[in-house]
Amino acid sequence: MYEIKIDHLTRVEGHGNLTINLKEKKVEDVQFNIVEGPRLFEAIMRGRPYWEMPEFGARICGICEVSHAITAAKAVEDAFGFMENEEMMKLRDLAIFAQVIQSHVLHDYFLSLPDHLGAESVMGLASKYPEEVNRAVRLNKLANDVKKILGGRDVHPINFKVGGFYMPPSKEDIEKIEEKMKQIREDAIKMVELFASLQYPEFKRKTQFLALYSKGEYALTRGILKTLDGVAFKQEEYQRFIMEKVFSHSTAKHSFIDGKSIMVGALSRLNINRRFLSDGANDMLGDYDIKLPSHNSFLINVAQAIETLHCAESAIDLTSELKDKNLSRAKLEPKVKEGEGIAFTEAPRGSLLHHYKIDEDGKVTYANVITPTAINARNVEEDIKEFVPTVIDEGGKNISIECEKLIRAYDPCISCSTHFLDTKFRR
Amino acid sequence: MGRPRVGIFDLTSCNGCMVEIINIESLLELLGKIDLINFRLVKDENIDGPFDISFIEGYPSNDEEVEKTGDIREDSNCVVALGSCACFGGLPSIRNYSNLEDANHTVYGIGSPFKIDEVKPLDAYIDVDYYLHGCPINQNEFIDLVSSLLIGRPPETPNFSVCFECKQNENICLMKEGTSICLGPITRGGCDALCPSFGRACEGCRGPVDQANISSEIELLKKFDLSLEDIIKRFRKYSTVSEPFKRIKIVEEIHVED
């Protein structure tokens, strides 16, 4: 029996290790060790005023902070029985599009691409692939520009609130966003061309895909939860369907539906919601003959490129709708009342939950956050178990490298995953 | 001197400060002037020093991270604390004022296998040469600091309050309007008063400015309809463990200990 251990995975957000125990050529056990220290967000949220939740939520993660901030705001609004108006909803959707684009670009180009082009970092690619690196830098900047216009800055936005926006954007702002999204669309087409043409390992494992579903749209900010196999439930029913367990090797809890692991994220969404993709994104799927549903986790890279194009196209449509709206309506002060609220959105890495209970004074008495990486953690382990035998003959070092690539494809966001809560510890 | 050898490290944190660095528009140009030998978030091949400059995001939260922090110090000429968590513990340090066991059980259940300690900033463990404040850091301050070190000039830390920049931006004072409780008067500037410029109060993410008049801020906050507990929560947020804020106590009245 021997052990393969990768300490401190590189080019992933946060601190994770991987331990594989092998006996002969069989995998005995796999542990995706989330070793990031717990920050106990759900505990520090308790006793704080409701309006701080978007701000606290953002600090859970420096890569998907817009998703956390908006999801937190929506969950608090749900507790108050407050409904977002059309302007608020569309502006938030626009912010989520920018968030998904920026995060996907960061992952596909900065973290994953070096694996495919044989470099140790994106900087190492700059001399040989200047066009790709320049495109990555430009896409990242354009998406950040949009995040700045809507959220005030690129990391940890300050403009999202319970009740919409502290300062709603102007018509000129929307025109600027439209212009930037048009530029993003051009680069996103090239991004799909690149990532759809790369060679990925032939690896397939049947798993459960989970994503938001809302008829008629590629759901990112509303809808029910649905698996590809047909399990469907309302957001407020999540505790009956998603089971969580604490394991000592991981400060992220593991999640299960029907006792089986779950995958969330770009590939899940594409598998479930493909027919609602924007026209350009859908056409490119066809051009590259990408067969769906796909059970190859490595194709998350391609799915993220497709979604980048989809988000740019959808954002352009939204800006033309928003130009004629009275955007000052996107700032409201919801009435505080005692209640419990839940919101799921699709963060770049998958379904994200914020759940709060709030007392009559507007103080948070209970908080629960479930992040996509935590949901995926178990699925990563299950994937590795089946993947290792396919590369077992390549020897220790190469097994490590290939496994690290597989984990990286998931785009794990480990800081995020280490603080989500259930009240019971199950053995 | 050749190009300085630089490491960018993260302890327990959200990686937001590192992402701010990645987002710097002139990053490739900047990288041409330094030798970035360790940056786990974007690089595979990372060298264990020695370093001319090390940047550390986050705070050490377990024995391994404490050891790593010490090792980085030993291998570095200059250590820079990157962002609120490294400077003062950041939002996670709020838990220092709650029952740590309860906090642990709240998140991981009664049988939690994890050990939870108080959050302490970087300088509780090692000597820190420079601080980059904010949640997240400000890109311009990062560039300024690197440029200063490159030319051998001591970096400057802004030592004026957020109010100073807020006035420069010609904002109407939110406190004066009576609508918001703002920490601008006692918070270190350098953010160009971003939050008040969007019509929301300063939450103090950059920590207290030197010689902040905290007693006077407390008197200002008392004019709002707040309990003493609510007032103290305003200080126990991003920089709970900064020296001046640690001295704020409620003993019948809220006051700053000498």
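The basis for the numbers below is simple: all heavy atoms, side chains too, and nothing from hydrogens, waters or symmetry mates. Numbers restart at 1 for each chain; the letters A, B, ... are given by sequence-line order, proteins then strands.
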Query raised in the report: Relative to chain A, which segment of B/Gln139 carries a heavy atom at a distance below 4.5 Å: side chain, backbone, both, or neither?
Result: side chain
Requested in this report: Inspect the contact between A/Asp145 and A/Lys141 and indicate whether a charged nitrogen and a carboxylate oxygen are less than 4.0 angstrom apart.
Outcome: yes
**Report entry** Basic-acidic side-chain contact under 4.0 Å: B/Asp192, A/Arg153
**Finding:** no
Report summary line: Turns out that what part of B/Asp102 lies under 4.5 Å from chain A's heavy atoms comes down to neither
Report task. Tell me yes or no: between the side chains of A/Asp173 and A/Ser170, is some donor less than 3.5 Å from an acceptor? Result -> yes
Requested in this report: Can you tell which part of B/Thr12 gets under 4.5 Å to a heavy atom of chain A, answering side chain, backbone, both or neither?
Outcome: both
Query raised in the report: With a 4.5 angstrom heavy-atom cut-off, which part of A/Ile158 approaches chain B: side chain, backbone, both or neither?
Result: both
**Report entry** Heavy atoms from other residues, nucleotides or ligands near CD of B/Gln168 exceed 12 (cutoff 6.0 Å)
**Finding:** yes
**Report entry** Test applied, side chain to side chain contact (heavy atoms under 4.5 Å, CB included); reference residue, B/Val80; option that passes from B/Val6, B/Ile137, B/Ile8, B/Ile53
**Finding:** B/Ile53
Query raised in the report: Where on A/Gln102 is there a heavy atom nearer than 4.5 Å to chain B: the side chain, the backbone, both, or neither?
Result: side chain
Query raised in the report: What part of A/Phe165 lies closer than 4.5 angstrom to a heavy atom of chain B: side chain, backbone, both or neither?
Result: neither
Query - Contact class of B/Asn62 relative to chain A, heavy atoms under 4.5 angstrom - result: side chain
Report task. For B/Arg3 and B/Ile34, work out which heavy atoms get closest and say how close. Result -> NH1-O, 3.1 Å
Query raised in the report: Side chains of A/Asp359 and A/Thr365: donor-acceptor distance under 3.5 Å anywhere?
Result: no
Query raised in the report: Contact part of A/Arg408 toward chain B, heavy-atom cut-off under 4.5 Å: side chain, backbone, both or neither?
Result: side chain
Query - B/Ile94 versus chain A, the contacting section by heavy-atom distance below 4.5 Å - result: both
Query raised in the report: Which of the residues A/Lys363, A/Arg59, A/Glu52 is involved in the greatest number of heavy-atom pairs with chain B at under 4.5 angstrom?
Result: A/Arg59
Report task. Output yes when A/Lys161 and A/Glu55 qualify as a salt bridge under the 4.0 Å nitrogen-oxygen rule, no when they do not. Result -> no
Query raised in the report: Can you tell which of A/Gly47, A/Gly124, A/Ala58, A/Pro49 has the highest number of heavy-atom pairs within less than 4.5 Å of chain B?
Result: A/Gly47
Query raised in the report: Using a cut-off of under 4.5 Å for heavy-atom pairs, which of B/Cys135, B/Ser197, B/Gly90 has the most such pairs with chain A?
Result: B/Cys135
Query raised in the report: For B/Tyr59, is it the side chain, the backbone, both or neither that has a heavy atom under 4.5 Å from a heavy atom of chain A?
Result: side chain
Query raised in the report: Just checking, B/Arg5 and B/Phe51: is the charged tip under 6.0 Å from the six-membered ring centre and within 45° of the axis?
Result: no
Report task. Over 60° means perpendicular and under 30° means parallel, so classify the ring planes of B/Phe88 and B/His133, tilted if in between. Result -> parallel
Query raised in the report: Which atoms of B/Ile116 come close to chain A, meaning under 4.5 Å heavy atom to heavy atom: side chain ones, backbone ones, both, or neither?
Result: side chain
Report task. Heavy atoms only, distances under 4.5 angstrom: which of B/Ile22, B/Asp44, B/Asn104 has the most pairs with chain A? Name it, please. Result -> B/Asp44
Report task. Grab the two heavy atoms, one from A/Ala98 and one from A/Val146, that are nearest each other, plus how far apart they are. Result -> CB-CG1, 3.6 Å
Report summary line: Of the listed B/Val42, B/Val119, B/Asp230, the one with the largest count of heavy-atom pairs under 4.5 Å with chain A is B/Val42
Report task. Quick one: closest heavy-atom pair of A/Leu352 and A/Ala347, and the distance? Result -> CB-CB, 4.1 Å
Query - Side chain / backbone / both / neither for A/Lys331 at chain B, heavy atoms under 4.5 Å - result: neither
Report summary line: Applying a strict 4.5 Å limit to non-hydrogen atoms, the region of B/Ser93 in contact with chain A is neither
Query - Max heavy-atom pair count under 4.5 Å with chain A, selected residue of B/Ser61, B/Pro136, B/Pro92 - result: B/Pro136
